[in-house]
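Worksheet for the structure shown next.
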Number of protein chains: 2
Amino acid sequence: MPKKSELLPGTLDMLILKTLTRAPLHGYGIAQSIKRLSEDVLTVEEGSLYPALQRLLLQGWVKAEWKKTETNRRARYYTLTPEGRKQLGEELSQFEVMIAAIGRVLQDA
Amino acid sequence: MPKKSELLPGTLDMLILKTLTRAPLHGYGIAQSIKRLSEDVLTVEEGSLYPALQRLLLQGWVKAEWKKTETNRRARYYTLTPEGRKQLGEELSQFEVMIAAIGRVLQDA
DNA sequence: CTAAATATATAGACTATCTATGGATAGATC
DNA sequence: GATCTATCCATAGATAGTCTATATATTTAG
């Protein structure tokens, strides 16, 4: 049985941005948070996570700064920018529209 | 403003298989059906549709035969196989699990 | 006669995911 | 002191699934 993707493609940026509305967080913590909240259904692989964070940085939707974690480790903390918050809003509403549309196609009647 | 995808990536096969549970249909008709049922939200481009149908054929989830349409045009009609029906069931439940998981991450609380 | 709609298909670009790899440090255990 | 596990970052390369663009052909409408 071929292993399917751990994510629904196209939703990762939205999930990351949403996670950062709660508090600034480092990459590893973002991945953990998504995994935990999704009850282990969504797993963000490192090879997806870090490129995604680079994309978000490049587009100005998040900013980053190096800090120490509570456990005294160096980590790069990401913060949502106002543009990122706006982008999140658009992605959320677009996502809802899509899901509703898919729902209509999947209905039996 | 960069144009977003007309589909939620990863859902096309499921949408096609679902469409074929209603009746055998040709490619063009499948695309039309998805567009209509989704109320114009989901648009299946030709460059996505035909490769997808090739994939489904290759995996034995659909079979195809050339026929005439009602309007006397040649078209390739696709029919869902038993394996395709099974596959659809798996994709549907997997999709629901994913959507529920995303919903949990997107919740505010 | 021409344009739009119906119908199939491929090539090539692009994007986002994955696997695999590499590195580094902290804390716990042996 | 060694080693293991968890924490943390990041990139390269493979793969997959979209998209745009193109090609072909027929039917219907204006």
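Chain letters run A, B, ... following the sequence lines, proteins first and then strands; every chain starts at 1.
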Tell me the interatomic distance from [X], atom [atom1], to [N], atom [atom2], rounded to whole angstroms.
X        : N       : atom1 : atom2 : result
Arg55(B) : dT15(D) : CZ    : C1'   : 12 Å
Lys67(B) : dT8(C)  : NZ    : P     : 13 Å
Tyr50(B) : dA21(D) : OH    : C1'   : 15 Å
Ile30(B) : dA9(C)  : CD1   : P     : 11 Å
Asp13(A) : dA16(C) : CG    : P     : 7 Å
Gln54(A) : dT17(C) : CD    : P     : 14 Å
Leu15(B) : dG17(D) : CG    : P     : 14 Å
Leu25(B) : dT8(C)  : CG    : C1'   : 14 Å

Going by side-chain contact (heavy atoms from CB on, under 4.5 Å), name the residues that satisfy it together with [X], two or more places apart in sequence or in a different chain.
X        : value
Leu37(B) : Val105(A), Arg22(B), Ser33(B)
Gln54(A) : Leu57(A), Arg76(A)
Ser93(A) : none

message: Considering only residues two or more places apart or on different chains, which pairs with a residue in residues 56-68 of chain B satisfy side chain to side chain donor-acceptor pair (under 3.5 Å)?
response: none
query: Looking at Leu49(A) and Tyr28(A), what are the two nearest heavy atoms and their distance?
result: CD2-N, 4.3 Å
- request: Scan Gly47(B) against the nucleic acid and name what it touches under 4.0 Å (heavy atoms): base, sugar-phosphate only, or nothing.
  value: base
Out of [options], which nucleotide sits closest to the side chain of [X]?
X        : options                  : answer
His26(A) : dA5(C), dC19(D), dC8(D)  : dC8(D)
Leu7(B)  : dC19(D), dA7(C), dC9(D)  : dC19(D)
Leu12(B) : dT17(C), dT18(D), dA9(C) : dT18(D)
Ser48(B) : dC8(D), dA10(D), dT18(D) : dT18(D)
Glu45(A) : dA10(D), dT19(C), dC8(D) : dT19(C)

message: Strictly by ring-ring contact (aromatic ring centres under 6.0 Å, His included), give each pair with a member in residues 29-53 of chain A just once, sequence neighbours left out.
response: none
Between N or O atoms, less than 3.5 Å apart, protein on one side and nucleotides 23-27 of chain D on the other: list the pairs.
residue : atom : partner  : partner atom : Å
dT26(D) : O2   : Arg73(B) : NH1          : 2.7
dT26(D) : O2   : Arg73(B) : NH2          : 2.6
dT27(D) : O4'  : Arg73(B) : NH1          : 2.6

field: Flag side-chain contact, heavy atom, 4.5 Å: Val41(B) against Ile102(A)
entry: no
